[in-house]
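What follows is a short report on a single structure.
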Amino acid sequence: MNLPAADLRSDTVTRPTPAMLAAMFQAPVGDDVYGEDPTVRALEAETAARFGLEAGLFCPSGTMTNQIAIKAHTEPMSEVICEQTSHIYLWEVGGIAFHSGASVALLPGDRGRLTAAQVEAAIRPENVHYPITRLISLENTHNRGGGSCYALPELEALADVARRHHLPLHLDGARVFNALVATGQDGREYGRLFDTISVCLSKGLGAPVGSVLLGSKAFIEKCKRIRKVMGGGMRQAGYLAAAGLYALEHHVARLADDHRRAQQLADALAARPYVTEVLPVETNLVIFRLADTMPAEQFLAHLEQRGIRASSFGPQFIRFVTHLDIDDAMLARVEAALAEL
Ligand SMILES: Cc1ncc(COP(=O)(O)O)c(C=O)c1O
């Protein structure tokens, strides 16, 4: 019997469900560059409402929503404060320099999380030698931090620093719904704290494509022009937006299942003698370290032969990600494969 492979590389690998595809086929559409696509407008309004922000902008990717926001908040010779392993810095092709001509102040986080005191200390004083601090950017959940989440008081303290220094606060919320489900926080609390939020639909939510940038009406108007110059103005994008709307309605609460399965994987890994460290699991990402006696290539090849795929995440580090297309039967196969080694 040819069982489906368990693809644990990322939550971006999911395929639309039949019901999501049906919603996409039925979407009313129009030319979104003319502002005439009703499904895109509905998605932008619905996502904004969930976070209590005024407006949204549908874009092809989370990289684009982040980079548009950074460009709109900064100017050349200014600086963005962020964590040193944040996606905006590490995995967006140096886009902050390329698109915005801005510098970065990189801070070491606790599994990706920054403290208010750290951020406040990194704000540049007036001095002709320095770039001007223009933006504070956080990531929640934090990818490289193993899906770690901020507690609300920590976010409130960070937002307080931003306000006192008249700096905007951006959130890379590629997996913000994972954070909300794991902590029981409400998205509207985030709207009070953050000026702009990038929300991905194509990660845990299981849509094939798309992210929404959220902010004030005036900010999003400015961002529309930046999206256009980046080539991100899409036409009958409602077919894609329909998948996002469907995901918001049907795929948020179920993230708790992904989190439970990630914890189950972490427990199985912790019991294996060839695993030396498993980062605490808070959401759907499991990052672990293999003993030097178990080369990462050998471990990955063993899994691959059993139809299981995972990502290498630095020397001897591996990442497993649970998502919509991983079920309990697949999990049992992964656990069996781990026990064989
Ligand atoms: C934390 C984080 N931010 C942003 C992105 C970028 O999203 P995209 O792949 O849609 O450009 C990712 C992608 O995995 C991510 O993990």
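Keep in mind that what you see is a predicted model, and the values were worked out from it rather than measured. Counting starts at 1 for both ligands and their atoms, in listed order. Numbers here are sequence positions counted from 1.
In this pair, Tyr274 and Phe299 present their aromatic rings tilted. The plane angle is within the 30 to 60° band.
Annotation: Arg188, atom CZ; neighbour count of heavy atoms from other residues, nucleotides and ligands within 6.0 Å does not exceed 12.
Test Thr47, Val40, Leu43 against Leu245 for side chain to side chain contact (heavy atoms under 4.5 Å, CB included) and you get one pass: Leu43. None of Phe288, Trp91, Phe320 except one satisfies the ring pair (Phe, Tyr, Trp, His ring centres under 6.0 Å) rule with Phe313; the exception is Trp91.
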Between ligand 1 and the protein, tabulate every N or O atom pair separated by less than 3.5 Å, reporting distance only.
| unit_1 | atom_1 | unit_2 | atom_2 | d |
| --- | --- | --- | --- | --- |
| ligand 1 | 3 (N) | Asp172 | OD1 | 3.1 |
| ligand 1 | 3 (N) | Asp172 | OD2 | 2.7 |
| ligand 1 | 7 (O) | Lys203 | NZ | 3.0 |
| ligand 1 | 10 (O) | Gly62 | N | 2.8 |
| ligand 1 | 10 (O) | Lys203 | NZ | 3.1 |
| ligand 1 | 11 (O) | Gly62 | N | 3.4 |
| ligand 1 | 11 (O) | Thr63 | N | 2.9 |
| ligand 1 | 11 (O) | Thr63 | OG1 | 2.6 |
| ligand 1 | 16 (O) | Asn143 | ND2 | 3.0 |
| ligand 1 | 16 (O) | Arg175 | NH1 | 2.9 |

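Between Ser137 and His73, the closest side-chain pair of non-hydrogen atoms is not below 4.5 Å.
Ile287 and Phe317 make their closest contact through CG2-CD2, 3.9 Å (heavy atoms, listed as atom of the first residue, atom of the second, distance).
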